[in-house]
Number of protein chains: 2
Amino acid sequence: MSQMQNVERQLREMILGLEIGPGERLTERWIESRFGASRTPVRAALLRLETEGLVGRDGRGWTVSPINLAELEQIAVYREAVEVAALRLTCRLDDRSGIDVIEAMLASCDDTTPREEWHRVGMDFHIELARLSGNEFLFRAVRDAMTRLSRARWLEVRDETALHRAWAEHHAILAAVRVGDADEASRLLSAHIGGSRERLVTSLHDDRRGLRARGFAVVAA
Amino acid sequence: MSQMQNVERQLREMILGLEIGPGERLTERWIESRFGASRTPVRAALLRLETEGLVGRDGRGWTVSPINLAELEQIAVYREAVEVAALRLTCRLDDRSGIDVIEAMLASCDDTTPREEWHRVGMDFHIELARLSGNEFLFRAVRDAMTRLSRARWLEVRDETALHRAWAEHHAILAAVRVGDADEASRLLSAHIGGSRERLVTSLHDDRRGLRARGFAVVAA
DNA sequence: GATGCCAGCTTGGTATCCCAACTTGGTATC
DNA sequence: GATACCAAGTTGGGATACCAAGCTGGCATC
């Protein structure tokens, strides 16, 4: 593994894992010493992460992108458009056996599974579902949207009931895809994403004070 | 203007303008000497252009992305999803006066306008229409898709009639948006994009031999 | 004590150097 | 003539040196 990919991967993990807080300043020299790399791979990593929206330029200098409420709502609209489009493509495929793999993925979570794993699988559900469509651009759009959302997603599900409801919705979507009912699958997916957005925005709004107290920059809608 | 942005912009223009042929190899050192910059900004530019899909890695080394017929078809599906989503958002806005600006943009082309300008305005129509939605992600998705299509678009319109028909469709879409008829606007836009895809693919298929003769790499569907 | 100013430090941007991996061309060997 | 092999060159990845701009802290001035 090259240094470049290494720095990129580790830095992304730190940002997504909130080990570096949203809004925090980053200096190339700090990253350099933190990961034991020189500035060349550091800059490459920053340029990449910038296109993912995880870091941004702050005049001179770099900043971990703040959590932006308005942006999260826009992403929800965006992902609904691309996820539904991908889903409709998938429903028209002759071979939809790929949903079995996704079904198995969902089933891999049980009561003993740590919360963090549920989150990851919940995201992967949407990503893999989009991948089934075979359209590389729709897939990437969903993957990138989920990446951007992932820092905020840990806020979303606190209670078990909401989590299990989401899982039931995932299964229902797969069932509709299995029988090729594009309209029903789309309706379910739209509702699922809408509900997710709703919970996310509400939860984030409620927790803004707490986030700010932890030093995280949160931009209001 | 910093060197970094300079190299990026000039290199992008050369690639989009087919001054560097699809499939051509690029070396960092050649770009360096060509634009009188050092390798640092060159590499920053390449990393950027890679995320735009204009250049790619070829094992070790860089290559101008070939024109990929399958990719173009996938982009057409992708852009239809995001453009229609953006259009529907726009139709729900209270203030849709932005379409006047777009209308004026269309009107700026007449029989004396060079062919290249028609192309640019035709692309900008879709980009600006998406911008009206106010959704940054849908807007960027459309802009990036149009960028990727732009190298192939010059193939599309040879005859005047097809060009004028496209313009008529543009006007019809705007008219539907103006009165807030989302369903009609979406239908027209979908048909417009579908027709565009059809002509593009046909034209590209017919010209593949010619493109290859010019040394351009073209990947079949 | 408030304020203006300057030296020094920090920062990202750029240039340049080094290196390992790979390519290439020629050559010695059979 | 075919082939194995080696030397020289090329390439991208990485490290480092240097620079201009901007920030900071402290000192002189009022």
Side-chain angles (χ1 to χ4, degrees), chain A residues 1-16 18-66 68 148 215-217 219, chain B residues 1-16 19-66 68 215-217 219:
Chain A
M1 171 87 64
S2 69
Q3 281 281 44
M4 194 182 83
Q5 295 167 337
N6 217 26
V7 173
E8 181 187 340
R9 192 173 44 79
Q10 293 191 61
L11 192 55
R12 184 189 293 110
E13 275 174 19
M14 286 188 74
I15 293 173
L16 293 182
L18 295 173
E19 296 173 55
I20 314 178
E24 211 163 306
R25 300 269 306 232
L26 285 174
T27 70
E28 297 183 352
R29 259 105 179 173
W30 178 83
I31 302 168
E32 188 181 353
S33 67
R34 176 68 176 72
F35 298 108
S38 76
R39 293 181 64 200
T40 308
V42 167
R43 302 196 85 225
L46 284 170
L47 285 171
R48 282 245 150 80
L49 295 176
E50 185 187 19
T51 69
E52 294 180 34
L54 297 183
V55 304
R57 291 175 189 280
D58 177 37
R60 225 171 113 93
W62 299 91
T63 307
V64 177
S65 300
N68 185 327
R148 283 191 181 232
F216 294 168
V219 177
Chain B
M1 171 88 64
S2 70
Q3 281 282 45
M4 198 181 80
Q5 295 167 336
N6 215 27
V7 172
E8 180 188 341
R9 191 173 44 78
Q10 293 191 62
L11 192 55
R12 184 189 293 109
E13 275 175 17
M14 286 188 75
I15 293 173
L16 293 181
E19 296 173 55
I20 314 179
E24 210 163 307
R25 299 285 283 249
L26 285 175
T27 70
E28 297 182 352
R29 260 108 178 172
W30 178 82
I31 302 169
E32 187 182 355
S33 68
R34 175 69 176 72
F35 298 110
S38 75
R39 290 180 66 200
T40 309
V42 166
R43 288 160 77 167
L46 284 170
L47 284 172
R48 282 243 146 83
L49 296 177
E50 185 187 20
T51 69
E52 293 181 32
L54 297 183
V55 304
R57 292 176 189 281
D58 177 37
R60 225 171 111 94
W62 300 91
T63 308
V64 177
S65 300
N68 185 326
F216 294 169
V219 177

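Reminder, nothing fancy here: chain letters follow the sequence lines and each chain counts from 1.
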Q: If you round to the nearest 0.5 Å, how far is OG1 of A/Thr27 from CZ of A/Arg34?
A: 12.5 Å
Q: Reading DNA chain D from 5' onward, which residue's closest nucleotide shows up sooner: B/Glu28 or A/Ala37?
A: B/Glu28
Q: To the nearest Å, give me how far apart CZ (B/Arg25) and C1' (C/dT23) are.
A: 11 Å
Q: Could you state the CZ-C1' distance from A/Arg39 to C/dT14, rounded to the nearest angstrom?
A: 9 Å
Q: Could you state the CD1-C1' distance from B/Ile31 to C/dA15, rounded to the nearest angstrom?
A: 17 Å
Q: Does a side-chain N-to-carboxylate-O contact under 4.0 Å join B/Arg12 and B/Glu8?
A: yes
Q: From CG of A/Asp58 over to C1' of C/dT10, roughly how many Å is that when rounded to an integer?
A: 15 Å
Q: Apply the side chain to side chain contact (heavy atoms under 4.5 Å, CB included) test between B/Trp62 and each candidate in B/Glu28, B/Arg25, B/Arg43, B/Glu24; give the one that qualifies.
A: B/Glu28
Q: Could you say whether A/Thr40 or A/Gly61 is positioned toward the 5' end of DNA chain C, judged by the nucleotide with the nearest heavy atom to each?
A: A/Gly61
Q: If you check the A/Ser2 side chain, which of D/dG12, D/dG14, D/dC18 turns out closest?
A: D/dG14
Q: What residues from residues 41-57 of chain A pass a heavy-atom cutoff of under 4.0 Å to DNA chain D?
A: A/Pro41
Q: Nearest 0.5 Å, what's the CG-CG distance between A/Leu49 and A/Leu11?
A: 5.5 Å
Q: Closest nucleotide of DNA chain C for A/Leu26 versus for B/Ser38: which of these residues is on the 5' side?
A: A/Leu26
Q: To the nearest 0.5 Å, how far apart are CD1 in A/Ile31 and CG in A/Leu26?
A: 4.5 Å
Q: Atom OG1 of A/Thr40 and atom CD of A/Glu32: how far apart are they, to the nearest 0.5 Å?
A: 9.0 Å
Q: So which nucleotide does D/dA7 pair with, by the Watson-Crick or G-U wobble rule with both distances under 3.5 Å?
A: C/dT24
Q: Can you measure A/Glu32 atom CD to C/dG13 atom C1' for me and round it to whole angstrom units?
A: 14 Å
Q: Using whole Å, report how far CH2 of B/Trp30 lies from C1' of D/dG12.
A: 17 Å
Q: Hey, could you give me the CG/CG distance between B/Leu47 and A/Leu46, rounded to the nearest 0.5 Å?
A: 11.0 Å
Q: Round to the nearest Å and state the distance from A/Trp62 atom CH2 to C/dG12 atom P.
A: 9 Å
